[in-house]
Amino acid sequence: MLQIAAIREHKEKFAEALKKRNIDANPMLDKALSIDENRRNLQAKLDETLAESNRLSKQIGDLFKSGKTQEANELKEKTGSLKEASKVLSELLNNAVEALQQVLYTIPNIPQDSVPAGNSDTDNEVVSEHGDMPKLMDNALPHWELAKKFDIIDFELGNKITGAGFPVYKSKGARLQRALINYFLDKNTEAGYTEMQVPLLVNEASGFGTGQLPDKEGQMYHVGIDDLYLIPTSEVPITNIYRGDLLDLKDLPITMTGYTPCFRREAGSYGSDVRGLNRLHQFDKVEILRIEHPNKSDGALDAMVVHVKGILEELELPYRILRLCGGDLGFTSTLTYDFEVYSAAQEKWLEVSSVSNFKAFQANRLKLRFRNGENGTELAHTLNGSALALPRILASILENYQVENYINIPKALIPYCGFERID
RNA sequence: GGAGAAGUGGCAGAGUGGUCGAAUGCACUGGUCUUGAAAACCAGCGAGGGUCACACCUCCAGGGGUUCGAAUCCCUUCUUCUCCGCCA
């Protein structure tokens, strides 16, 4: 959520930047500003009446204490109209605050200068490509067939137990998955991220805090009886650890990592996008998160990109880095780099990480602030990224590392797997 | 799930109808002292709204109510603790 004070100051600049998202933000911004003006007027009026009634109450107290009951009772009569007025005003004020909130919820974050304009993922800017394309044998198989051939992932079993998009990992497939989780967590903690284990169900306040609600309500599984949501990413519970907190300057930066399964309804997805492991309703992901001083968040984003690169290079997977265009940029982000690995048998680039700087957008919703060491408090900046999402890494390992009768395990993972090949 | 108790500032902990945004201690910040540090002493020290700045308003778990006036009384939700039950 943007800060209304910032909109007051930079309206033109914001509207200009939001064009990159292909939206004309002027109507929304104007609406927010006019509601805000009204809000402040109402606040001033309400304050006045409350001040007056506070004065009267104090007088009445004094009069009672000095035994002037008669006069006190006379004053009491006067308070009735003030009470009435403040009731009306505070109702109007609440409405205004609510209305402002509603408008602000609909305005996405401001893209940074470096974000290219564009409509869709085809307009994303390829920043760099790394690694060599694997040369597969002629009869190379896509990962869903490899999974069947070596009996390591069973999609039908998942259908039986739950439904499409909930695969069952078996034997070496399960072990490889667990190896990846441990490997990622180790890489992240070595880089200074503190490991967290968090709940997989979150309440509404947490969903609002990180911005999944109200924008993406339909994308989350909702447990109605207890009014809880299954997390679509560990970003939600991990970031919400600090919801409402006021940190000291010296607490920053805060860096965390966590492994969780993630649950996404993925309504509206279809075709080859959802084939095999490409898009699932439940998948594993290891996430890294940072809470940063506003001056440091740009550098932090770069550091996260370098970190993720390091992991992909150690896994020896060909990958490329994209800078998302305005049209593809997430609602809450100011700048996002996507990492895609090449999955050689299906000849597809698969997104395995998305690293974003949210600046103060989430923090404003979260009320996540720090004492800036000068005159007061300031919203912190939040960032997060995948390091990494499991299924597509798994898919590309299976496909890229396949040879005639077995699949090799990347060197870095052998100690974690306890075997060198899947056969 | 049942029965009790409790939720106050970063933490601990006073405060049961007006003088309480809230004692005190710790922590923190600045200063004195010291070669330096510690200790001691002095001063400051919650947040949000609002204002050029003041004034002023709001906040004592969340929501609602009683009252001229609520941290304090009532209702309700949530959370924590103790005991009982159930249980990985």
Side-chain angles (χ1 to χ4, degrees), chain A residues 1-9 32-101 103-104 197-209 213 223-229 237 240-252 254 261 291 293 360 362-380:
Chain A
M1 180 166 68
L2 295 176
Q3 295 163 266
I4 186 67
I7 296 177
R8 261 183 244 149
E9 240 174 282
L33 287 174
S34 87
I35 295 173
D36 180 52
E37 197 180 338
N38 184 234
R39 188 203 111 233
R40 282 184 291 162
N41 280 334
L42 288 167
Q43 181 80 60
K45 280 186 197 145
L46 176 62
D47 287 358
E48 244 168 73
T49 51
L50 287 177
E52 177 62 19
S53 87
N54 285 345
R55 269 193 295 276
L56 283 178
S57 291
K58 213 160 268 179
Q59 280 181 37
I60 291 168
D62 290 343
L63 289 172
F64 271 125
K65 218 167 293 169
S66 52
K68 299 175 182 162
T69 320
Q70 177 73 22
E71 289 173 51
N73 283 324
E74 277 166 27
L75 266 189
K76 267 200 204 180
E77 311 273 320
K78 283 195 188 174
T79 60
S81 60
L82 285 174
K83 246 185 145 176
E84 196 53 41
S86 67
K87 204 173 158 189
V88 172
L89 282 169
S90 72
E91 205 158 300
L92 289 171
L93 178 62
N94 283 340
N95 291 343
V97 169
E98 179 68 21
L100 179 58
Q101 195 91 317
V103 177
L104 290 179
Q197 283 192 17
V198 290
L200 308 182
L201 288 152
V202 294
N203 56 31
E204 202 178 46
S206 292
F208 270 95
L213 293 173
V223 182
I225 192 167
D226 290 307
D227 197 17
L228 296 172
Y229 294 86
N240 272 282
I241 289 171
Y242 289 94
R243 167 154 49 89
D245 283 6
L246 179 53
L247 303 167
D248 281 325
L249 192 56
K250 63 173 160 44
D251 295 332
L252 300 176
I254 291 171
I291 299 169
H293 189 284
Q362 278 186 336
N364 191 29
R365 287 193 179 191
L366 291 160
K367 295 280 167 287
L368 168 47
R369 298 160 300 157
F370 68 99
R371 294 179 203 278
N372 60 16
E374 289 160 29
N375 38 15
T377 67
E378 223 175 299
L379 292 172

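In the text below, chain A, chain B and the rest are named by the order of the sequence lines, each starting its count at 1.
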Sugar-phosphate only, base, or nothing, as touched by A/A44 at under 4.0 Å among non-hydrogen atoms: nothing
Sugar-phosphate only, base, or nothing, as touched by A/T79 at under 4.0 Å among non-hydrogen atoms: sugar-phosphate
Any residue meeting salt bridge (Lys or Arg N to Asp or Glu O under 4.0 Å) with A/E52, in chain and number order, not counting sequence neighbours: A/R55
First of A/R55 and A/L246 reached from the 5' end of RNA chain B, by closest nucleotide: A/L246
Residue met sooner reading RNA chain B from 5', once A/A51 and A/E378 are mapped to nucleotides: A/E378
Atom [atom1] of [X] to atom [atom2] of [N]: distance rounded to whole Å?
X: A/E77; N: B/U67; atom1: CD; atom2: P; answer: 14 Å
X: A/K87; N: B/G65; atom1: NZ; atom2: C1'; answer: 11 Å
X: A/D248; N: B/G46; atom1: CG; atom2: P; answer: 14 Å
X: A/E48; N: B/G50; atom1: CD; atom2: C1'; answer: 12 Å
X: A/R369; N: B/G9; atom1: CZ; atom2: C1'; answer: 13 Å
X: A/R371; N: B/G9; atom1: CZ; atom2: C1'; answer: 10 Å
X: A/F64; N: B/U67; atom1: CZ; atom2: P; answer: 14 Å
X: A/N203; N: B/U79; atom1: CG; atom2: P; answer: 10 Å

[options]: which one has an atom nearest the side-chain heavy atoms of [X]?
X: A/L50; options: B/G69, B/C57, B/G50; result: B/C57
X: A/R40; options: B/A47, B/G50, B/C68; result: B/G50
X: A/R39; options: B/C68, B/C57, B/G49; result: B/G49
X: A/D47; options: B/C68, B/C56, B/U51; result: B/C56
X: A/Q43; options: B/U67, B/G49, B/G46; result: B/G49
X: A/N54; options: B/C57, B/A47, B/G50; result: B/C57
X: A/R8; options: B/C68, B/C57, B/G50; result: B/G50

Any strand counts, and the cut-off is 3.5 Å on both contacts for Watson-Crick or G-U wobble. Which nucleotide pairs with [N]?
N: B/C78; result: B/G7
N: B/A53; result: none
N: B/G21; result: none
N: B/A47; result: B/U58
N: B/C83; result: B/G2
N: B/A70; result: none

For the student: nearest non-hydrogen atoms of [X] and [Y], plus distance:
X: A/M1; Y: A/N364; value: O-ND2, 3.0 Å
X: A/R39; Y: A/L93; value: O-CD1, 3.6 Å
X: A/P237; Y: A/V198; value: CG-CG2, 3.6 Å
X: A/A32; Y: A/L104; value: CB-CD2, 4.3 Å

Interatomic distance at C1', B/C20 relative to B/U8, whole Å: 12 Å
Interatomic distance at P, B/A14 relative to B/G30, whole Å: 31 Å
Ionic contact status for A/K58 with A/D62, cut-off 4.0 Å: no
